[in-house]
Participant: 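Sharing a structure with you now.
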2 protein chains.
Amino acid sequence: MKPSPVTLKQLAQALGLSVSTVSRALRGRPEIAPATQQAVRQLAQQLDYQPNQLAQSLVHSATKTLGVVVPDLGYHFYAAVLYSIEQAAAQAGYSVLVAQSHESQALEAAGVQNLLRAQVEGLLVALARDTTDYAHLHRLIERQVPLVFFDRHADGLPATAVVVDNQAAACQATQHLLASGRRRIAFLAGPPTLHLSNQRLAGYHQALAQAGLPPPPGYVRHVDYTAQTASREALALWQLPHPPDALLTVSDRVAYPAMHALRRAGARIPEQVALVSFNNEPACEYMTPSLSSVAQPLAQIGQAAVALLLAQIKAPKPTLPQRVVLATELVVRASSGGEMG
Amino acid sequence: MKPSPVTLKQLAQALGLSVSTVSRALRGRPEIAPATQQAVRQLAQQLDYQPNQLAQSLVHSATKTLGVVVPDLGYHFYAAVLYSIEQAAAQAGYSVLVAQSHESQALEAAGVQNLLRAQVEGLLVALARDTTDYAHLHRLIERQVPLVFFDRHADGLPATAVVVDNQAAACQATQHLLASGRRRIAFLAGPPTLHLSNQRLAGYHQALAQAGLPPPPGYVRHVDYTAQTASREALALWQLPHPPDALLTVSDRVAYPAMHALRRAGARIPEQVALVSFNNEPACEYMTPSLSSVAQPLAQIGQAAVALLLAQIKAPKPTLPQRVVLATELVVRASSGGEMG
DNA sequence: ATGAAAGCGCTAACAC
DNA sequence: GTGTTAGCGCTTTCAT
């Protein structure tokens, strides 16, 4: 079943005009007689004519379509950024084609491939966790495909990226914990392959170093974002001979089960262990205690990424890669509120 | 900057062949001499030739693209279903174009329009809350555009839909509350324009009627899914002369702030008020107390919707509308656990 | 086994 | 003002 088989040719025949006249009339070109305009418009409306964008795109070699590659739409962060990407794109008259990498480098490469075949005018990508070989992305750059990374970017690649200063954010979060009197601060990090996690780890170390407090051995643990490892590692920390009095986690997804496990193990939060996390998902506010978290500028990330991509698309010459660093905001809630207990 | 300006013609010229031969070789047609195949393949690889899907689509009048229209990707439910839609589509060799209605009928109609212009082969849609006039959808059906509704469907429209039995699910949830000894059960519903909410309301009424317990006046309250109205109405219920001993909410988004407000007001959950909600978002498990919620079969919804849509696309004749009703599962947690306090 | 030509639906350069 | 022609990149008869 074809969507709409009404074509310019059919309109032309029905009206006894040529296709080009009909085409011009529909686009309101001034050279067409008002009477003709009228007639064409009316019939088009009546037959519910829809221009075939495929054909238009082929002629103009511009599809008015952007491609987005994200690891996983089940993560609130990516869904929320896609929200603002779609919105910004729509406002600019662009459509959005999405592909998920499911954290796999192979799927990511395949997704990029598919989007390119679909002739997207540019690509917005957040890297898969598994992506270590950047060949498929390098090709894009060589081919001068308009490209903007967001959130998870490839540090070595000469490409535009919209990011937050993860290190500074983690440093700030750690300093906040230090300021409330915490001295034994642990960190539940993501997989070591995750750049973003390493940056946060660096910020954590930075703050501790500045305070002259190196983390005790075993105070940094890597988890894979599953509830299982998160709660296991949180408990392991709690059961240390000298347990931490504060815990920074790489993501709310990790913080929820960690906090849950700690509470079940009898830890009083924030009195015995303060918690600060990243992402500030909507549910943070409703946790018990409410969860302190570093808010990402979700809307801004999407808007900036789309704006930068459109700029690249419109630019006559290849543009210089730039790094846009957006501000985060530490939202302090009960899980790290008040002084030490 | 064009993605990849390498065309069949260029390959043909470089090899001293005709475009048709190159085209055939690339597609591995048997009539092409092995040597030629070889040569063509190699050059294509070397030049990183990418077929222009636009042109292919134009010839075949098939874009291998599906359109999805959802109210809001910030809602976990829609993001999660899009997750499975994209996955199922990708497995079938289809791409996914997304549009958001932002709960507005006008934007929904515009989104559909845009997707059609982009020549999507079919549409997956969850209606906007504001959609009361189905004209734009009726046109799709008349034009026999392959179409599958999910979650929020138009009851009067002769179209295929993938849904859950909201009434039965709400009935079951209410019965669960009754079984634990609750007798004064209130319901925080969504806007009265929301079909899905009305169905759940019906299920609630059904269970109460069966138990011979009509809800006290004022026990059904409509909220607009904002935290503000949710907590306000929950409090209003709690401050009634005869407050409820159980609360059913139309969505987790409503349940979180409602539960939060109740606890701040001193209500002990589940002893004084039991809570059951809908959607079973990941955070439910980590609420205090953990939140009982009706789980939607997210993956199945996406998979079924895509399967039904592809079936329509492939069918030579228009297919009969069908309603696929998927099973929900009440996940009982602490917020409604145990007998009455 | 390969090439020439037509056409998918549309726009644009060039007549008249 | 309007029609004719060519062409976007590809596939597909139809020849040879």
Side-chain angles (χ1 to χ4, degrees), chain A residues 1-41 43-44 47-65 114 116-121 143, chain B residues 1-41 43-44 47-65 114 116-121 143:
Chain A
M1 301 297 86
K2 306 290 157 47
S4 166
V6 188
T7 104
L8 274 191
K9 200 199 222 168
Q10 292 174 14
L11 292 182
Q13 282 178 335
L15 290 162
L17 291 169
S18 76
V19 274
S20 35
T21 302
V22 175
S23 169
R24 288 187 273 237
L26 252 18
R27 280 171 303 150
R29 297 303 219 72
E31 66 256 29
I32 300 298
T36 320
Q37 290 251 10
Q38 192 67 23
V40 172
R41 284 238 153 75
L43 186 65
L47 265 48
D48 197 19
Y49 166 76
Q50 299 285 349
N52 185 332
Q53 213 174 66
L54 243 51
Q56 295 183 144
S57 297
L58 189 56
V59 172
H60 294 129
S61 52
T63 52
K64 291 287 177 189
T65 301
N114 289 338
L116 285 185
R117 269 204 278 269
Q119 307 295 118
V120 297
E121 294 184 33
R143 240 194 264 159
Chain B
M1 301 296 86
K2 306 290 156 46
S4 165
V6 187
T7 108
L8 273 192
K9 200 199 223 169
Q10 293 175 11
L11 292 182
Q13 283 178 337
L15 290 161
L17 291 169
S18 76
V19 276
S20 34
T21 302
V22 175
S23 169
R24 288 188 271 240
L26 251 17
R27 279 170 305 150
R29 296 302 220 73
E31 66 255 29
I32 301 298
T36 319
Q37 291 251 10
Q38 191 67 24
V40 172
R41 284 238 152 75
L43 186 65
L47 265 49
D48 197 19
Y49 166 77
Q50 298 285 348
N52 184 332
Q53 214 175 66
L54 242 49
Q56 295 183 143
S57 297
L58 189 57
V59 173
H60 293 128
S61 52
T63 52
K64 291 286 179 189
T65 301
N114 289 337
L116 285 185
R117 269 204 279 269
Q119 308 295 117
V120 296
E121 293 184 34
R143 239 193 267 160

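Note on naming: letters A, B, ... go to the chains in the order of the sequence lines (proteins, then strands), and numbering restarts at 1 for each one. Please read these numbers as outputs of a predicted model, since none were measured by experiment.
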Participant: Listing request: all salt bridge (charged side-chain N to carboxylate O under 4.0 Å, His left out) pairs with a residue in residues 12-29 of chain B, at least two apart in sequence or in separate chains.
Facilitator: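 Found B:Arg29-B:Glu31.
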
Participant: Should B:Val22 and B:Leu26 be marked as a side chain to side chain contact (heavy atoms under 4.5 Å, CB included) after you check the CA-CA gap, both sets of side-chain angles, and the distance that decides it?
Facilitator: CA-CA 6 Å; B:Val22 175; B:Leu26 251 17; 3.9 Å; yes

Participant: For DNA chain D, what residues of residues 8-19 of chain A have any heavy atom nearer than 4.0 Å?
Facilitator: A:Gly16, A:Leu17, A:Ser18

Participant: Are A:Leu43 and A:Tyr49 close enough that some pair of their side-chain heavy atoms sits under 4.5 Å apart?
Facilitator: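 Side-chain contact under 4.5 Å: no.
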
Participant: Is any side-chain heavy atom of A:Ser57 closer than 4.5 Å to a side-chain heavy atom of A:Lys64?
Facilitator: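 Result no, sub-4.5 Å side-chain heavy-atom pair not found.
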
Participant: Output the distance between atom NE2 (B:His60) and atom CG (A:Leu54), rounded to the nearest 0.5 Å.
Facilitator: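 CG of A:Leu54 is found 12.0 Å from NE2 of B:His60.
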
Participant: Below 4.0 angstrom, which residues in residues 27-34 of chain B have at least one non-hydrogen atom near DNA chain C?
Facilitator: B:Glu31, B:Ile32, B:Ala33

Participant: Looking at B:Glu121 and B:Ala62, what are the two nearest heavy atoms and their distance?
Facilitator: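 That would be OE2-C, 3.3 Å.
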
Participant: Walk me through whether A:Gln10 and A:Leu47 qualify under side chain to side chain contact (heavy atoms under 4.5 Å, CB included).
Facilitator: CA-CA 10 Å; A:Gln10 292 174 14; A:Leu47 265 48; 5.7 Å; no

Participant: To the nearest 0.5 Å, what is the distance between CG on B:Asn114 and OG1 on A:Thr65?
Facilitator: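 Spacing of CG (B:Asn114) from OG1 (A:Thr65) equals 10.0 Å.
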
Participant: Looking only at non-hydrogen atoms, find the nearest pair between A:Ala12 and A:Ser18 and report the distance.
Facilitator: CB-C, 3.8 Å

Participant: What N/O pairs connect the protein and nucleotides 13-16 of chain C at under 3.5 Å? Give each pair on its own line.
Facilitator:
unit_1 : atom_1 : unit_2  : atom_2 : d
C:dA13 : N6     : A:Arg24 : NH1    : 3.2

Participant: Keeping A:Gln119 on the side-chain end and B:Asn52 on the backbone end, is there a donor-acceptor pair under 3.5 Å?
Facilitator: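 Such a contact is absent between A:Gln119 side chain and B:Asn52 backbone.
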
Participant: Could you state the CD-C1' distance from B:Gln56 to C:dG9, rounded to the nearest angstrom?
Facilitator: 17 Å

Participant: What are the 5'-most and 3'-most nucleotides of DNA chain D lying under 4.0 Å from any heavy atom of chain A?
Facilitator: D:dG1 to D:dG9

Participant: Determine whether B:Gln50 and A:Arg143 satisfy the following criterion, side chain to side chain contact (heavy atoms under 4.5 Å, CB included), listing intermediate values before the conclusion.
Facilitator: CA-CA 12 Å; B:Gln50 298 285 348; A:Arg143 240 194 264 159; 3.8 Å; yes

Participant: Determine whether a donor-acceptor pair (N or O, by modelled atom type, separation under 3.5 Å) exists between the side chain of A:Ser23 and the backbone of A:Val19.
Facilitator: no

Participant: At their closest point, which heavy atom of B:Pro51 faces which heavy atom of B:Gln56, and how far apart are they?
Facilitator: CB-OE1, 3.6 Å

Participant: Calculate, to the nearest 0.5 Å, the distance between atoms OG1 and CD belonging to B:Thr21 and B:Gln37 respectively.
Facilitator: 11.0 Å

Participant: Under 4.0 Å: is that the gap between some side-chain N or O of A:Tyr49 and OP1 or OP2 of C:dG9?
Facilitator: no

Participant: How many Å lie between CG on A:Leu54 and C1' on C:dC8, as a whole number?
Facilitator: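 For the pair A:Leu54 CG and C:dC8 C1', the rounded distance is 9 Å.
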
Participant: Kindly indicate, with the supporting measurements, whether the criterion side chain to side chain contact (heavy atoms under 4.5 Å, CB included) is fulfilled by B:Leu15 and B:Val40.
Facilitator: CA-CA 7 Å; B:Leu15 290 161; B:Val40 172; 3.8 Å; yes

Participant: Contact class for B:Ser57 (heavy atom, under 4.0 Å): base, sugar-phosphate, or nothing?
Facilitator: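 Touches nothing.
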
Participant: Rounded to the nearest Å, what distance is computed from the CD atom of residue A:Gln53 to the P atom of nucleotide C:dC10?
Facilitator: 12 Å

Participant: In terms of side-chain heavy atoms of B:Val59, which of C:dG9, C:dG7, C:dT11 is nearest?
Facilitator: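 The listed nucleotide nearest to B:Val59's side chain is C:dG7.
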
Participant: Five pairs at each end of the helix from C:dA1-D:dT16 to C:dC16-D:dG1: take the axis at both ends and give me the angle between them to 10°.
Facilitator: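 Comparing the axis at each end, I get an angle of 50°.
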
